[in-house]
Amino acid sequence: MSQIQFTRNEQPKAKPDANHLGFGKYFTDHMLVMDYTEDQGWHDLQIVPYGPISLDPSAMVFHYGQEVFEGMKAYKTADGRISLFRPDMNLKRLNASCERISIPQVDPEALMEGIVELVSVDREWIPEGDDTSLYLRPFIIATEPCLGVRAAKEYKLMVILSPVGSYYPEGIHPVSIYVEDEYVRAVRGGTGMAKTSGNYASGIKAQEIAKLEGFSQVLWLDGVEKKYIEEVGSMNVFFKIGGEVITPELSGSILAGVTRDSAIALLRSWGLPVTERKLSVAELFQAARDGKLEEAFGTGTAAVISPIGTMKWGDEQISIAGGDTGEWSRKLYEAITGIQKGLLDDPFGWRQIIL
Ligand SMILES: *Cc1c(COP(=O)(O)O)cnc(C)c1O
């Protein structure tokens with residue numbers, strides 16, 4: 001056991017109303033911080049009161065965007081324990097993102113120990129209502145004060161916690177999608193496989209246009225031919241066509257979602273064929289015209305499963321599953337959230353009881 005320095009917050013906040021949490025609006029009383037310097041490596045993991053941090057205006061993250069992040073959730077299970085969902089995958093992906101953005105690797109075990117301690121300190125903040133959880137946001141920023149364009153020599157890793165409510169206050173419900181054929185999110189050889197701020201900054205424009213047109217999310221096409229489907233919003237995407245489930249293969253420009261991996265495993269365990277391959281938007285719309293497009297949904301930690309009810313590409317708009325939540329979307333949502341909350345068996349050993 002390493003020593004984790006802990007400074008208690010002597011002015012704890014009032015907890016928010018568990019029925020109106022929304023997403024990422026409230027933060028707990030403590031946060032985890034750890035620093036990196038060239039001579040000491042990652043050091044000084046601490047749990048301190050949540051609050052503003054002070055950075056030099058020349059800190060490199062402000063200028064060249066060297067940043068990576070993660071997102072996962074802690075749940076109170078039916079029997080009063082606290083669990084995480086496949087946190088090993090998040091820590092592995094954090095290091096894969098670090099590798100791409102030239103940020104030094106983090107010891108996953110030390111970080112996990114710190115995360116467990118942090119969640120333990122703020123355990124009273126884990127909401128108990130249906131479909132609520134505590135969202136964990138680990139992230140790393142380049143803090144070295146320097147305007148040189150190169151990898152920084154100093155970094156700060158932080159973990160902040162946010163109690164979040166149901167993504168769907170009135171139950172799981174389908175979203176409308178706009179196929180974006182001008183702007184792209186990522187290109188082959190770019191940073192699409194890394195969870196890094198720049199990917200989001202470059203996606204906001206298209207998101208705004210989709211909103212103006214009355215759609216809730218953007219469907220991203222590949223950055224080279226603008227032909228093949230990549231992701232939807234900040235989720236991976238699945239289509240059920242003629243009895244087969246198809247999801248874009250991990251080409252390097254697509255984020256390898258933990259929920260994506262879990263959905264593939266569950267669907268296969270239920271006997272549905274799942275294929276990871278290139279899928280063009282033309283093939284998808286043809287399948288819809290032929291009456292073969294049965295279901296579509298996005299996957300991600302925040303919403304878990306987000307059914308797609310309608311999709312617009314150019315002048316053509318299609319309705320999927322009659323604009324309702326499809327059978328398999330609902331099954332997946334119930335299975336994944338049931339495993340997370342300890343209401344269902346966990347045949348793959350995904351639930352990690354931490355406290
Ligand atoms: C985080 C993220 C996802 C979903 O990953 P999960 O591990 O399932 O939460 C999908 N696409 C993008 C671009 C993301 O950033």
* Does the side chain of Val175 come within less than 4.5 Å of Val232's, by heavy atoms? -> no

* Asked: Okay, side chain of Asn236, backbone of Gly300: is any donor-acceptor separation there less than 3.5 Å?
  -> no

* Take Glu283 and Lys292 through the test salt bridge (Lys or Arg N to Asp or Glu O under 4.0 Å) and record every step on the way to the result. => CA-CA 11 Å; Glu283 180 186 344; Lys292 288 190 188 147; over 6 Å; no

* Between Gln66 and Tyr155: side-chain donor-acceptor atoms closer than 3.5 Å -> yes

* Are there more than 12 heavy atoms of other residues, nucleotides or ligands under 6.0 Å from atom NZ of Lys15? -> yes

* Closest contact, heavy atoms only, Ser253 versus Arg188 -> CB-N, 4.3 Å

* Structure fact -> Result for salt bridge (Lys or Arg N to Asp or Glu O under 4.0 Å) between Lys156 and one of Asp56, Asp35, Asp44 points to Asp35

Return all side-chain donor-acceptor pairs below 3.5 angstrom for residues 243-250, not counting sequence neighbours, or 'none' if the list is empty.
from	atom 1	to	atom 2	distance (Å)
Glu244	OE2	Thr275	OG1	2.4
Thr247	OG1	Val237	O	2.6

* Flag the pair Thr299 / Leu332 as yes when at least one side-chain heavy-atom distance between them is below 4.5 Å, and no otherwise. => no

* To do: Could you check Ser329 against Glu295 for side-chain hydrogen bond (donor to acceptor under 3.5 Å, both in side chains), going step by step and ending with a plain yes or no?
  => CA-CA 8 Å; Ser329 305; Glu295 251 181 90; 2.8 Å; yes

* Asked: If we ignore angles and hydrogens, is there a donor and acceptor under 3.5 Å between the side chains of Trp42 and Asp107?
  -> no

* Ignoring hydrogens and geometry, is there a side-chain-to-backbone donor-acceptor pair from Thr196 to Glu67 under 3.5 Å? -> yes

Review item, side-chain donor-acceptor pairs of residues 342-355, under 3.5 Å, at least two apart:
from	atom 1	to	atom 2	distance (Å)
Asp346	OD1	Gly349	N	3.4
Asp346	OD1	Trp350	N	2.9
Asp346	OD2	Trp350	N	3.0
Asp346	OD2	Arg351	N	2.8
Arg351	NH1	Ile339	O	2.7
Arg351	NH1	Leu344	O	3.2

* Under-4.0 Å salt bridge between Glu70 and Arg137 -> no

* To do: Start with the C-alpha distance between Leu157 and Leu32, add both sets of side-chain angles, then the distance that settles side-chain contact (heavy atoms from CB on, under 4.5 Å), and finish with yes or no.
  => CA-CA 8 Å; Leu157 180 155; Leu32 181 156; 3.7 Å; yes

* Asked: Quick one: does Lys73's side chain have a donor or acceptor within less than 3.5 Å of a partner on Thr301's backbone?
  -> yes

* Does a donor on one side chain sit under 3.5 Å from an acceptor on the other, for Gln340 and Ser83? -> no

* Asked: Can you say whether the rings of Tyr50 and Phe27 are parallel (under 30°), tilted (30 to 60°) or perpendicular (over 60°)?
  -> parallel

* To do: Please indicate whether Glu124 has more than 12 foreign heavy atoms, meaning atoms of other residues, nucleotides or ligands, lying under 6.0 Å from its CD.
  => no

* Asked: Is it the case that more than 12 heavy atoms not belonging to Glu225 sit under 6.0 Å from its CD atom?
  -> yes

* Does the pair Glu316/Arg289 count as a salt bridge with the N-to-O cut at 4.0 Å? -> yes

* Side-chain touch Lys195/Tyr200, heavy atoms, less than 4.5 angstrom -> yes

* Asked: Should Ile47 and Gln5 be marked as a side-chain contact (heavy atoms from CB on, under 4.5 Å) after you check the CA-CA gap, both sets of side-chain angles, and the distance that decides it?
  -> CA-CA 6 Å; Ile47 291 170; Gln5 295 179 55; over 6 Å; no

* For Asp122 and His30, test the side chains for any donor-to-acceptor distance below 3.5 angstrom and give the result as yes or no. => yes

* To do: Would you kindly say whether Ser262 and Arg86 are connected by a side-chain donor-acceptor distance under 3.5 Å?
  => yes

* Is Asp39 atom CG crowded by more than 12 heavy atoms from other residues, nucleotides or ligands, each under 6.0 Å away? -> yes

* Asked: Does a sphere of radius 6.0 Å around NE2 in His43 hold more than 12 heavy atoms from other residues, nucleotides or ligands, not counting ones at 6.0 Å or beyond?
  -> yes

* Do the non-hydrogen side-chain atoms of Asp181 and Leu221 ever get within less than 4.5 Å of each other? -> yes

* Full working for salt bridge (Lys or Arg N to Asp or Glu O under 4.0 Å) between Lys205 and Glu180 -> CA-CA 11 Å; Lys205 188 86 210 163; Glu180 175 55 60; over 6 Å; no

* Structure fact -> Nearest heavy-atom approach of Pro138 to Gly71 is CD-N, 4.4 Å

* To do: Examine the side chains of Glu213 and Tyr178 and answer whether a donor and an acceptor come within less than 3.5 Å of each other.
  => no

* To do: Look at the side chain of Asn199 and the backbone N and O of Ala194, then say whether any donor-acceptor pair between them is shorter than 3.5 Å.
  => yes

* Asked: Within 45° of the ring axis of Tyr228 and under 6.0 Å from its six-membered ring centre, is that where the NZ or CZ of Lys278 lies?
  -> yes

* Asked: Should Leu284 and Ile229 be marked as a side-chain contact (heavy atoms from CB on, under 4.5 Å) after you check the CA-CA gap, both sets of side-chain angles, and the distance that decides it?
  -> CA-CA 9 Å; Leu284 180 74; Ile229 293 167; 3.8 Å; yes

* Go through the steps for Leu219 and Glu231 under the test side-chain contact (heavy atoms from CB on, under 4.5 Å), then give the verdict. => CA-CA 6 Å; Leu219 183 101; Glu231 298 196 49; over 6 Å; no

* Contact summary for Tyr75 and Lys341, nearest pair of heavy atoms -> CD2-CE, 4.1 Å

* Strictly under 6.0 Å, is that where the ring centroids of Phe69 and Phe139 end up? -> no

* Does CZ in Arg268 sit with more than 12 non-hydrogen atoms of other residues, nucleotides or ligands closer than 6.0 Å? -> yes

* To do: Could you tell me how the ring of Phe23 sits relative to the ring of Tyr135: parallel (under 30°), tilted (30 to 60°) or perpendicular (over 60°)?
  => perpendicular

* Distance-only side-chain donor-acceptor flag, Asn95 / Glu99, under 3.5 Å -> no

* To do: Go through the structure and list residues passing salt bridge (Lys or Arg N to Asp or Glu O under 4.0 Å) with Glu294, not counting sequence neighbours.
  => Lys240

* Check for a donor-acceptor pair, side chain of Ser306 on one end and backbone N or O of Ala303 on the other, with a separation under 3.5 Å. => no

* Neighbour count >12 (heavy atoms, 6.0 Å) for atom CZ, Arg150 -> yes

* Spell out, as yes or no, whether a donor-acceptor pair under 3.5 Å connects the side chain of Ser216 to the backbone of Ser176. => yes

